[in-house]
Amino acid sequence: MGSVRIFLPDNSVKEFDHEPTVLEVAESIGSRLAKDTLGALVNGPGSEVVDLRIRLKDGDRLKILTAKDEESLEVIRHSAAHVMAQAVQEIWPEVKVTIGPVIDNGFYYDFDSPHHFTPEDLSKIEKKMEELLRRNDEVTRELWSAEQAIETFESMGEAFKAEIIRDLVRDEGVSEVSIYRQGQWFDLCRGPHVQRIGQIKAVKVMSLAGAYWRGDETKAQLQRVYATAFNDKKDLDEYLHNLEEAKKRDHRKLGKDLNLFVFHPLSPGGPFFTPKGTVIYNQLQSFIREKYREYGYEEVITPQLFDVDLYHQSGHYENYRENMYFTQIDERDFSFKPMNCPGHCVLYGADKKSYRDLPWRVADFGRLHRHERSGVMHGLTRVRTFCQDDAHIFCRSDQLQGEIEQFMTMLRDVYQKLNMLDYKVYLSTRPEQRMGEERVWDQAEQALEQALKALGIDCQINPGDGAFYGPKLDIMFVDALKRPWQLGTLQCDFNMPEAFKLAYVSEENKEERPVMLHRAILGSLERFIGVYLEHTAGHLPIWLSPVQVKILNLTDRQNEYCAELLQSLLDAGVRAEWDDRREKLGFKIRQAQLEKVPYMLIVGDKEMEEKRVTVRLRSAENKEAVEFADFLEDIKQDLLLRR
RNA sequence: GCCCAUGUGGCUCAGGGGUAGAGCACACCCUUGGUAAGGGUGAGGUCGUGAGUUCGAGUCUCACCAUGGGCUCCA
């Protein structure tokens, strides 16, 4: 028998006379390392985390994971999920277990329980888990035959587990399953798991939710318990702290605090923008309009209500009816538009188009109505009525790549101005169910890829994720708290030009079908405002701030001067207010600060005599008293350059 | 739509069978005060809606409405 060689990250080699487990390699390096081992990466950093009990093969490159490595969190959390299940079953023996996967920031476990968990139960579970961590049982892995496992779980009444194994036998032909045991408790599991339960240092049971067995509404309703685990208490505290921070930036809270928008039960999912919120809305809109002029778009206005026939023709009635609002007038069926595209197709077809008219870029800030399911609405980010920075580009197929490049350039331009520097691009290619010729798909997918390449933009490809009518790009904006949001999108559409029999006359005087691109940069203004408030924590750039300048006088001796200042600012188009209440300066500053006003102008006798103002920024930074005329010039520049 | 939780003045919340409270905001008065809350007085609520239990219901029950957390992460 030849020797088995295992390569370590420092390129050293360990030799064995048999295929060693990860743990055996760790032991050969040092007992301390062996004690701390949680799992391993084999053959590359991108690989899945493997269990420390698996056997390695000759030539494997091994990276042993300990609490120092972020990847080990997966092991910690996977084991913590088992601890949670064990804790729950120790408290309520009648509860049945299902699955408990690791998710982004923790893990969950779905239980089938006759007892409805309450918020108080969460801390009960957490206490029990902590007790189990102290008990520090060893975790062992066993291989059982599938039949034995099914029989065992069935005899325990764990029908869900038995079902999982049956499916594994049927779908993947497995004959053996792994079982992880800790103390008296065991669970069917693929792993990986820690050596001893005590290696889990910090757990927190977070929340409760309903879920369905296998995510299927028609199957058993389960109770999901969300929790998280970390390598030490400090990391857990930091995570909880970040959650608090995210809560403070919640756009629904900011919307209330800054008085930007409200909701009312009489229009669920229908935001009311207050005068202040409307300023933001309109500023964004005019910013985008300016970009439209720059990039050769034309804006149009199209109807709100269409005969349902339109949606039969576009296919929305067949595929999107659930989300549409209908009404009947004079015995004729109408629907509110859920998107602008069919209307734009009608407009396209209203006259004869020449190849010289293309590309035709039509923008529309039309109000859309979509009937979202009642449980999915969320502040401004998921609403039932909204308006997109929506435009459609009708072009020849040889113009595709150029249009895509132009769109991505425009998007970069807009995002940069908004200080949204981190975003990712996803390219979704042809799905199995699709329409159109392969040649057209080839061309469109290549155009997308080439355009990104030409601009040096990296993208991730999602094979098969495109719509049935064409491939697409999704732009995921990553906000200041590293959370991804899908805002921009660019979708190729071969279907709608076909459905509406759209055509243009080519140079050869032949009728040709144009390609249609659906595209948006901000997505919907509503959703964008929500996301942007969270990104900026409400500290909007000056040009977007509802109130840009607040004049704060010390005493009413400065009233006349303040009135002049206010008038000059208003005349210059600055959104200025004057807090003329007879309150102390500290009090006025506090209020302006809570409103997140970018500039506070403090005016006392000193300033008045010299025609100056003291400028306080919302960062609490104070500038020397400056001449008012200079301040006015500066802020005019801010507005001109959208700073 | 489904599961769980929540719904009390504009806002944040207390009160849990005997007829409604606080702070902030608001109004008025005093205070003319230099960088995040000066003081006083006052107004403001069919306790989400509807039914039921009860001598009596913000309070208990049920239904509905709205909001929030989830329902995509798969041994």
Side-chain angles (χ1 to χ4, degrees), chain A residues 78 81-82 85 97-110 116-119 121-122 144 146 149 153 158 160-169 171-172 174 177-180 187-191 193 206-226 247 250 252-253 256-257 259 262-270 322 371-379 552-559 581-595 600-607 614-618 620-623 625:
Chain A
H78 209 139
H82 279 207
V97 293
T98 68
I99 57 166
V102 174
I103 55 175
D104 269 354
N105 292 308
F107 60 91
Y108 65 77
Y109 211 110
D110 284 347
H116 265 299
F117 295 138
T118 64
D121 291 337
L122 295 186
W144 291 9
F153 283 112
E158 297 284 5
F160 294 98
K161 286 287 172 196
E163 185 183 326
I164 291 166
I165 304 167
R166 279 208 186 84
D167 288 354
L168 283 171
V169 172
D171 301 336
E172 294 171 37
V174 296
V177 295
S178 56
I179 300 290
Y180 281 82
D187 193 8
L188 166 76
C189 188
R190 180 173 52 188
H193 284 288
M206 304 293 296
S207 58
L208 278 171
Y212 299 97
W213 172 234
R214 308 211 142 155
D216 184 340
E217 293 183 15
T218 63
K219 300 207 165 120
Q221 173 85 44
L222 306 172
Q223 296 188 67
R224 175 168 300 178
V225 182
Y226 284 92
K247 231 184 204 166
D250 188 320
R252 292 166 301 186
K253 179 173 158 48
K256 226 177 242 177
D257 292 350
N259 189 17
V262 296
F263 287 90
H264 193 279
L266 288 175
S267 181
E322 307 297 294
H371 182 258
E372 300 291 348
R373 300 206 295 176
S374 64
V376 306
M377 260 111 61
H378 181 92
L552 311 177
N553 58 313
L554 260 314
T555 74
D556 49 18
R557 283 194 300 279
Q558 297 93 35
N559 279 4
R581 291 173 305 173
R582 297 177 55 180
E583 295 287 353
K584 286 195 169 172
L585 181 62
F587 183 77
K588 290 185 181 182
I589 285 178
R590 179 183 151 80
Q591 301 251 310
Q593 197 73 45
L594 290 174
E595 282 176 50
M600 287 164 242
L601 299 187
I602 294 162
V603 178
D605 288 337
K606 260 192 324 205
E607 287 84 355
T614 295
V615 183
R616 182 192 156 105
L617 308 181
R618 60 190 159 186
E621 183 192 339
N622 252 323
K623 290 190 181 167

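Proteins get letters first, then strands, A, B, ... in listed order; numbering begins at 1 in each.
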Open item on the list: What is the separation between atom CD1 on A/I602 and atom C1' on B/A36, rounded to the nearest whole Å?
Closed with: 11 Å
Open item on the list: Rounded to whole Å, how long is the line connecting atom CG of A/L594 with atom P of B/A36?
Closed with: 12 Å
Task: Complementary nucleotide of B/G16, counting Watson-Crick and G-U pairs under 3.5 Å - done: none
TODO: Please state how far atom NE2 in A/H371 lies from atom P in B/G1, giving the value in whole angstrom units.
DONE: 7 Å
Open item on the list: Using whole Å, what does the distance between atom C1' of nucleotide B/C28 and atom CZ of A/R581 come to?
Closed with: 15 Å
Open item on the list: Rounded to whole Å, please give me the gap between CD in A/E372 and P in B/C2.
Closed with: 17 Å
Task: Flag side-chain contact, heavy atom, 4.5 Å: A/L208 against A/V225 - done: yes
- [ ] Name the nucleic acid region contacted by A/D605, choosing base, sugar-phosphate or nothing; use a 4.0 angstrom heavy-atom cut-off, strictly under.
- [x] base
Task: Distance, P atom - from B/G38 to B/G23, rounded to whole angstrom - done: 16 Å
Task: Rounded C1' spacing from B/A20 to B/A57 in Å - done: 13 Å
Open item on the list: Rounded to whole Å, how long is the line connecting atom CD1 of A/I589 with atom P of B/G33?
Closed with: 16 Å
Open item on the list: With a 4.0 Å cutoff (strictly under), does any side-chain N or O of A/K256 reach OP1 or OP2 of B/U12?
Closed with: yes
Task: Between C1' of B/A37 and CD of A/E583, the distance in whole Å - done: 9 Å
Task: The single option from A/I99, A/L222, A/D187 passing side-chain contact (heavy atoms from CB on, under 4.5 Å) against A/Y109 - done: A/D187
Open item on the list: I'd like the P distance from B/U41 over to B/A25, given in whole Å.
Closed with: 16 Å
Open item on the list: Any donor-acceptor pair, under 3.5 Å, between the side chain of A/R557 and the base of B/U32, if you only look at N and O atoms?
Closed with: no
Open item on the list: Please encode protein proximity along nucleotides 62-75 of chain B as a string of B, S and -, counting only heavy-atom distances under 4.0 Å.
Closed with: ----SSSBBBSBBB
Open item on the list: Suppose you measure atom P in B/G10 against the same atom in B/U46; what distance do you get, rounded to whole Å?
Closed with: 9 Å
TODO: Would you kindly give the CZ-to-P distance between A/R582 and B/C28, to the nearest whole Å?
DONE: 12 Å
Task: B/G16 and B/C60, which share atom name C1', separated by this distance in whole Å - done: 9 Å
Open item on the list: Taking only the P atom of each, what is the distance from B/G69 to B/C74 in whole angstrom?
Closed with: 23 Å
Open item on the list: Please classify the glycosidic conformation of B/G15 as syn (within 90° of 0) or anti (everything else).
Closed with: anti
Task: B/G1 and B/A43, which share atom name C1', separated by this distance in whole Å - done: 45 Å
TODO: Using the C1' atom as the reference point in each nucleotide, state the distance between B/A27 and B/G9 in Å, no decimals.
DONE: 15 Å
Task: A/E607 (side chain) and B/G34 (base): donor-acceptor pair under 3.5 Å - done: yes
- [ ] Please assess A/E583 against A/R590 for the test side chain to side chain contact (heavy atoms under 4.5 Å, CB included), listing each intermediate value before the final yes or no.
- [x] CA-CA 11 Å; A/E583 295 287 353; A/R590 179 183 151 80; over 6 Å; no
